[in-house]
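The shown structure was predicted, so the numbers you read here are calculated from the model rather than taken from an experiment. The figures here come from the full heavy-atom set of this structure, side chains too, leaving out hydrogens, waters and symmetry mates. Numbers for residues simply follow the sequence, beginning at 1.
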Amino acid sequence: MAAAAPLWQPQEEGLREICSLLDAHISPNSDQARIWHQLQHYSQFPDFNNYLVFLLARGEGKSFEVRQAAGLLLKNNLRATFSSMPPTSQQYIKSELLPCIGATNKAIRSTVGTVISVLFQIVRVAGWIELFQALHQCLDSNDLDHMEGAMDAIYKICEDVPEELDVDVPGLSERPINIFMPRLLQFFQSTHASLRKLALGCINQYIVVMPAALYMSMDQYLQGLFNLAKDPSVDVRKLVCSAWVQLIEVRPSILEPHLKNVTELMLQANKDSDDEVALEACEFWSAYCDVSMPPEGLREFLPRLIPTLLSNMVYADDDESLTDAEEDESFPDRDQDLKPRFHASRLHGSETGEDDDDDDAVNVWNLRKCSAAGLDVLSNVYGDSILPTLMPLIQQNLARTDDDAWKEREAAVLSIGAIAEGCITGLYPHLPQIVAFLIPLLDDKFPLIRSITCWTLSRYSKFIVQSLEHPNGREQFDKIILGLLRRILDTNKRVQEAACSAFATLEEESAEELVPHLGIILQHLMCAYGKYQRRNLRILYDALGTLADAVGAELNQVKYLDIFMPPLITKWQQLANSDKDLFALLECFTSIAQALGPGFSQFAEPVFQRCINLIQSQQLAKVDPAAAGALYDKEFIVCALDLLSGLAEGLGAGIESLVAQSSLRDLLLQCCMDEAADVRQSALALLGDLSRVCPIHLHPRLQEFLNVAAKQLNPQCVKDAVSVANNACWAIGELAIKIGKEISPVVITVVSCLVPILKSPEGLNKSLVENSAITLGRLSWVCPDIVAPHMDHFMQAWCNALCMIRDDFEKEDAFHGLCAMVAANPTGAVGSLAYICQACASWKEIKSEGLHNEVCQILNGYKQMLGAGGWEQCISTLEPAVVQRLGRYGV
């Protein structure tokens, strides 16, 4: 019988070999690649994992490091192979782990807990009932090692799969969490900090899923949190704060009766001597405001909360920014300074998202930043009512001019920036004086004051530009421009970064107001270009690209081109095709190409060719990295596609000769079918741009392009990648106008995908809904005979969407489609006439005389068709303002 078979025993020699291999594995100087190969070789043996668990559980006499290494290797192997192991090995591993839950060595206990948690995720409760019996015995043992080991394993399970303990299991009288919950709450009163911490950590994992076991014990849990608020252990106090923050985020109703007491506790915790506890507490204020709790609940605390936030915004002595700020431009960038960058793929028709205002998002989230974010959120909720408390504190800190108080001055400038949005009304009358006060701080002796002043001024960009009409407004604007340009050439890297980012923000607001300063701006940016290191170069490219977006064709003058194009072209030629520093340069060129328009044509050929080469080499790298000489990175393809779109937009039909001599068509079709959504998104944007300027070159593979684009509009694709669907929809519309009836094979497929989008626009990207309405109109315009028979399915939803679109040529195209369809099937649209009237009334003015006449014809045709009574009945359902606007069409 199987049960009589002796338990597995290791071979001495095998044990020795594996030990020496693990010894080498943890030694810093060993040949890791060779060891990895040997480990892979050993893992072919069916009982290799038995050796590992034996070493972890029974490796007395072996070093704890080797035993731990065996455990971590076992954990990884179990993830990959446990399910396919022989049942005897599975059983052996489970049985060896359980006696070690309470191992005397803490590192071994912790490793066992980790392995148990991974194994539990594979077999779940029903597959390892003995685990719960063992955990129970350990918790009841009164032996600290056993209790701590069991709690550690339970905590790791709760952290990874909390919902798995809240299930009914055959063979257990209760759900595991119902059995553990009373015990966990009991441990809140334990004399051992480790048990209090683990118990609290376990229960906190259940706040979001909220099983009945916790809900029924809520009063006891909350009382426990109140009791632990002043716990001597920092870890426990941190978890208490974290619990209150989670509760207010996901279960605010539970806190409402206790809100006053909780807020008082959080205010005290926000001043905790330990920064991490204070940081955890500080998250409470933003969370409170985000869940739209009644603002009155917090108002009485503001006079005490605001000074706390302000004092926590002062740099801590150990803040890493203080050391960073000492680095001038002669310090080389370290690799870790180069934060990963994310290029936003081209999206047609939507406003770009807000930029993150954080001046150094690469750095760690800390109490200072959290406090500033809290102040920002409070200012947005309570507005000007916080100013009487806040402004005297700011003024008091700014008045301290001695060198020792520079951190307090810096925090005051940060707080002026933090409240820029929320308190703008109250600050408005004083802004000229505030800005005048900030300008000299751009030249402060302390670099971090210079950098925060750049950021704070950028937060008031809108006001600074609006003030150009006021007395002294232009003089102040000029001073800010020159001040920021001086700081762009600062010797301190941190200040360079802040100044460049601030200048880009100001550029977005200023647009054509920058034109008189273009020469001096370009000279400063190019001077910085000669001295910046890699990280700040990326931000400089952004400032240059934003400048091009802001001033457009004004850049297209020889005197300006001579300043900035030669250095950019030189850099463009220096960078290899696999150099990631190309990304920011490609983005910068995209903006420049769009701004210069036909003026870019003198630079276009090498830029176009480089983009084609980049796409080709990356597509090769995908299948054969060795042949390509580089690892695949889709971002090169995305940036290259977007630059080609910029060229198409800038050069217009001038791009045609470049496309004709290249393999772009076939490469583009491949990219439109790529598995990566952002590659498809940019490829479809380029498809739309090429449709506008040189559709002839798409012709040989036209039906393939149409089928691929139509596929992106099926409901699942819209759900999975809404931005891809958006661009596909727009590209189909652009193609429709250019190729006319040739689009007919895909019309019904596309219309059947657009109708659900128009009928259920809730929660969908606004841009997708608008593009769907426009494309449906364009298809109706070129193929009214195909679309008109189906109009009763979508006319009302379509007209609603048309009302939302601003007046422009795309809306004109859509209305040409509306008129063509109604002309083809007038009776089919009678039931939706009120909606058609609303859509027609949504125009401020139809610029095209031809379209205006078509709309007049349609409406007057219906008026005659229905007769006076029927028309009056239709009109009576409309708002008076709509009826008034219809007067323009002579009805």
Side-chain angles (χ1 to χ4, degrees), residues 125 132 135-142 144 146-148 150-159 161-168 172-269 277 280-281 283-284 287-288 291 293 297:
V125 182
F132 289 91
L135 291 172
H136 234 287
Q137 283 166 358
C138 289
L139 292 179
D140 288 344
S141 68
N142 272 332
L144 182 58
H146 282 77
M147 292 191 292
E148 213 177 77
M151 285 299 294
D152 180 64
I154 294 168
Y155 172 73
K156 284 168 178 162
I157 290 169
C158 294
E159 193 176 29
V161 281
E163 64 289 347
E164 282 300 321
L165 295 185
D166 188 31
V167 289
D168 293 313
L172 283 183
S173 56
E174 285 265 21
R175 296 182 168 196
I177 191 61
N178 299 356
I179 301 169
F180 288 138
M181 188 61 71
R183 203 58 220 261
L184 295 173
L185 289 164
Q186 248 178 340
F187 278 136
F188 277 26
Q189 292 158 25
S190 166
T191 51
H192 301 289
S194 59
L195 295 179
R196 298 197 299 277
K197 171 189 155 186
L198 287 164
L200 188 47
C202 287
I203 299 185
N204 286 5
Q205 302 295 337
Y206 283 96
I207 292 173
V208 176
V209 289
M210 194 56 73
L214 178 55
Y215 194 78
M216 305 303 286
S217 317
M218 188 49 71
D219 288 345
Q220 195 185 345
Y221 174 53
L222 296 179
Q223 192 52 56
L225 290 176
F226 282 123
N227 295 343
L228 293 173
K230 296 269 195 293
D231 196 275
S233 157
V234 165
D235 288 335
V236 172
R237 295 202 302 280
K238 219 159 70 178
L239 285 166
V240 169
C241 294
S242 162
W244 293 126
V245 171
Q246 284 186 70
L247 281 165
I248 199 147
E249 282 173 342
V250 295
R251 304 281 166 181
S253 55
I254 287 175
L255 282 199
E256 264 185 67
H258 310 279
L259 208 48
K260 220 170 169 167
N261 292 337
V262 174
T263 308
E264 184 61 58
L265 277 181
M266 294 309 264
L267 193 54
Q268 296 310 316
V277 176
E280 215 46 80
E283 301 282 3
F284 185 80
Y288 183 100
V291 293
M293 292 290 278

Set out, in order, the CA-CA distance, both residues' side-chain angles and the distance that settles side-chain contact (heavy atoms from CB on, under 4.5 Å) for Leu225 and Leu265, then state yes or no. CA-CA 10 Å; Leu225 290 176; Leu265 277 181; over 6 Å; no
List for me each residue that meets salt bridge (Lys or Arg N to Asp or Glu O under 4.0 Å) alongside Glu164, sequence neighbours excluded, and say none if there are none. Arg124
List in chain and number order the residues that pass ring pair (Phe, Tyr, Trp, His ring centres under 6.0 Å) with Tyr215, two or more places apart in sequence or in another chain; answer none if no residue qualifies. none
Mind listing the closest non-hydrogen atom pair of Met181 and Ala213 along with its distance? CG-O, 3.8 Å
Nearest-0.5 Å distance, [atom1] of residue [X] to [atom2] of residue [Y]:
X: Ile157; Y: Leu135; atom1: CD1; atom2: CG; value: 6.5 Å
X: Leu259; Y: Ile254; atom1: CG; atom2: CD1; value: 13.0 Å
X: Leu185; Y: Ile203; atom1: CG; atom2: CD1; value: 4.0 Å
X: Gln246; Y: Glu283; atom1: CD; atom2: CD; value: 11.5 Å
X: Arg237; Y: Leu200; atom1: CZ; atom2: CG; value: 13.0 Å
X: Gln205; Y: Ile154; atom1: CD; atom2: CD1; value: 13.0 Å

Are any non-hydrogen side-chain atoms of [X] and [Y] less than 4.5 angstrom apart?
X: Glu256; Y: Met293; answer: yes
X: Arg175; Y: Asp168; answer: yes
X: Glu280; Y: Val240; answer: no
X: Leu198; Y: Phe187; answer: no
X: Phe284; Y: Val262; answer: yes

Between Arg196 and Asp235, is there a side-chain N and carboxylate O pair less than 4.0 Å apart? no
Pair Gln223-Asn227, side-chain hydrogen bond (donor to acceptor under 3.5 Å, both in side chains): steps then yes or no: CA-CA 6 Å; Gln223 192 52 56; Asn227 295 343; 3.1 Å; yes
Could you go step by step and tell me if Arg183 and Asp140 meet the side-chain contact (heavy atoms from CB on, under 4.5 Å) rule? CA-CA 9 Å; Arg183 203 58 220 261; Asp140 288 344; 2.6 Å; yes
Give the C-alpha distance, both sets of side-chain angles, the deciding distance and a yes or no for side-chain contact (heavy atoms from CB on, under 4.5 Å) between Leu139 and Met151. CA-CA 8 Å; Leu139 292 179; Met151 285 299 294; 3.8 Å; yes
side-chain contact (heavy atoms from CB on, under 4.5 Å) between Met266 and Val245, worked out: CA-CA 9 Å; Met266 294 309 264; Val245 171; 4.0 Å; yes
With no hydrogens and no angle check, is any side-chain donor or acceptor of Ser242 less than 3.5 Å from a backbone partner on Lys238? no
Between the main-chain N or O of Ile248 and the side-chain N or O of Tyr288, is there a donor-acceptor pair closer than 3.5 Å? no
Please check if any side-chain donor atom of Asn204 sits under 3.5 Å from a side-chain acceptor atom of Tyr155, or the reverse. no
